[in-house]
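For reference, the structure is listed below as C-alpha cells.
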Protein chains: 2
Amino acid sequence: MSYTYKYPHYSVTVDCVVFALDMVEDELRILLIRRGEEPYKGMWALPGGFVQPDESLHCAAERELGEETGVRNIFLEQLYTYGEPDRDPRERVLSVAYYALVDINAYELHASSDADDAAWFSLSDLPELAFDHSEMIKCANGRLQGKIEYQPIGFELLPGKFTLRQLQKLYEIILNKTLDKRNFRKKILKMEILDELDEIEKDVTHRAARLYSFNKTRYEEKVKSGLYFEI
Amino acid sequence: MSYTYKYPHYSVTVDCVVFALDMVEDELRILLIRRGEEPYKGMWALPGGFVQPDESLHCAAERELGEETGVRNIFLEQLYTYGEPDRDPRERVLSVAYYALVDINAYELHASSDADDAAWFSLSDLPELAFDHSEMIKCANGRLQGKIEYQPIGFELLPGKFTLRQLQKLYEIILNKTLDKRNFRKKILKMEILDELDEIEKDVTHRAARLYSFNKTRYEEKVKSGLYFEI
DNA sequence: ATTCCTAAGTGTAAATAGTACACTTAGGAG
DNA sequence: CTCCTAAGTGTACTATTTACACTTAGGAAT
C-alpha cells in the first residue's frame, strides 16, 4: 500500500514524556522504552509512534503509550511540536510531544509493540536518547516545574490517598528546594481542597500519618469563587 | 509533481495569532486575512500556510506571516498543535499554531500571497473564522494572559520607548482588570529593568509623561541573581 | 494672560501573606 | 521498656500588598 499526494506531506509521530516520583530515592523518574526498530534500534527513547489516519493526536499519544508500556488512563497534556527538517534520519517527521504524570505504583510496565523493553530512569541519570528526545524531556521538566506551582496537577503523581508529607516531598523534588513543614501544611490546608480521610497510612515503622485526598470538585468550585492555587 | 510515501503522511500548516494593542479603544486586536483560495474562500482566517520541506516550523510561521501581511521580525512563539482528523475539509491537515506580539504602529499591513486582504480585528468583535481558528485565538489569549503576568513579554506590544501609563494600560487590557497607578509604578520600577530616558512623550494635549525603555540585558542579569518578574 | 482640562507624578498607613523556628506525641522495632 | 522516626502543632517577626488623594505640568480655548 502506498500514499500519494500532490503537495509535500510529512510523517507525524507523538512522543510521551511520562513523569513519576520515586519517593525512596527522592527523585523524578521518566518512562523510557528500548527501541525495537531502526533507526536508533536498541537505544532508549520516549514511548511514542506514528499517528494513524483516523485518530486525534491526543488519542495517538494515549494509544502508543498504552501499547508500548501498558500505562493507561493518566494525566496527559500536549507539550510542544518538534519539526526540524532533519530531526529524523529517514525523512521529515514531525513529532507532537506530550507529557504525562502518573503514580509510579499504579502500573506494572509491559514492554510490547515496537518496544523491546520499558523502564523508569532517574531524571538526573538518563541514558543517551534517540532523536531529539533529550530536548523534549528538558522542555517537559520546565513545563512541569512551572505548572505545578499554580495548578493542582501534582496529585496526579500520587495515589488517590496520600499523606501531607508525600505531597510536600513531591513539591520539594520537582521544584528542587526544601519547604517548611508547618508552613506547607498551613498553606495547602487553608485552600480547603483536600479531604481529610478517616484513615492513616499503613506499614510504616513510626507514627502513621493521616491520609488525605484531593477534592477536584471542591477545587473547581473554589476557583470559581476566586481561589488561586499556588505553592 | 507528486509525492508518494509508504505510510500515511499529513499536510502540515502553521497559523499565527498576532496580537496588538489598540490604546485608543482600549482593546486587544488580532490580525486576520481574508482567504483568497478554497476552502473557506473569502472568509476571514488567521495568517498561515503550508510548511515547506526544508524550513523549520518557526521559519514557516515567520515566512507565511511576512508573505501574507507584511509583518516581520516580531516576538513569535509556538502555541499548540491542532490535529483533529477532520479539521480541514480537504484532507487531514495538522496545524501548528503560533502566537505573536507586535506594536500595532510598527507595520503597514500589506495583503498578498494567498490573502486578499489583511486587517486588525478587535478580540471582542471577531468575524466568523475559517477552520478551527476561533479555538486557536481562544487558546492564544489564555496563554497571553497567563504568561504576561510572570514574563516580560508585554513590552513586545509597545514601541521601544513607552510611558508607564501605556504599560499599565497594556496590563489592564490584557488581564481585564484595573490596576492602581501608584502601586503599579512602584512595582515595575522596583525591579530596575526599565531605563528612564531623557525624553518625554510628544503631541499630547496635557502634561507629557516620561518615556522608558525595557532593558533586556539588565533583566536577564537580574533573573540570574534571583529576580522573579511578576505583575 | 487666565482659565480649564487632562493626565503626570508622588507617600503613607493598614492589612495580609510569608517566613523562621522547636517541642511534644504516636507508634513500631528491638 | 527504651529507642528511633516522623507526625503534628502555634507564634512572633518580616515583607509584601493594598487602599487611597492631592499637587504639578502643559496644551487648548477664550
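In what follows, every heavy atom counts, from backbone to side chain, and hydrogens, waters and symmetry copies are set aside. Please read all numbers here as calculations on a predicted model, not as lab measurements. The chains referred to below are lettered A, B, ... by the order of the sequence lines, with proteins before strands, and numbering in each begins at 1.
Taking side-chain N and O atoms only, R207(A) has no distance below 4.0 Å to OP1 or OP2 of dG28(C).
Atom pair L164(B):CG and dT10(C):C1' shows a separation of 12 Å (rounding to whole Å applied). Atom-to-atom, CE of M191(A) to P of dA17(C) comes out at 12 Å; the value is rounded to the nearest Å. At whole-Å resolution of the value, CG in N183(B) and P in dA21(D) are 13 Å apart. If you take NZ of K177(A) and C1' of dT19(C), they are 12 Å apart, rounded to a whole angstrom. The interatomic distance linking E201(A) (CD) with dA26(C) (P) rounds to 16 Å, in whole Å. Following rounding to the nearest Å, R185(A) (CZ) and dA6(D) (C1') show an atom-to-atom distance of 10 Å. At whole-Å resolution of the value, CG in D180(B) and C1' in dG9(C) are 13 Å apart. The NZ-C1' distance, from K169(B) to dA7(C), rounds to 11 Å in whole Å.
With a 6.0 Å radius and a threshold of 12 heavy atoms from other residues, nucleotides or ligands, N176(B) has its CG atom at or below the threshold. Counting non-hydrogen atoms of neighbouring residues, nucleotides and ligands closer than 6.0 angstrom, the NZ atom of K161(B) reaches no more than 12 such neighbours.
Residue-to-nucleotide contacts include no donor-acceptor pair under 3.5 Å from the side chain of K187(A) to the base of dG18(C).
Here the shortest heavy-atom pairing between M43(A) and L129(A) reads CE-O, 3.9 Å.
The aromatic rings of Y219(A) and F229(A) sit perpendicular to each other, their planes meeting at more than 60°, with 30° as the lower class boundary.
Closest-nucleotide positions on DNA chain C for Y212(B) and R182(A) were compared, and the one nearer the 5' end corresponds to Y212(B). Nucleotides of DNA chain C nearest to K186(A) and H206(A) differ in position, and the one nearer the 5' end is that of K186(A).
Using a cutoff of 4.0 Å between basic side-chain nitrogens and carboxylate oxygens, E192(B) and R218(B) are not scored as salt-bridged.
Residue contacts shown for R210(A) are limited to sugar-phosphate atoms, with no base heavy atom under 4.0 Å away. As judged by a 4.0 angstrom heavy-atom cut-off over every strand, R165(B) is placed among residues touching the sugar-phosphate backbone only.
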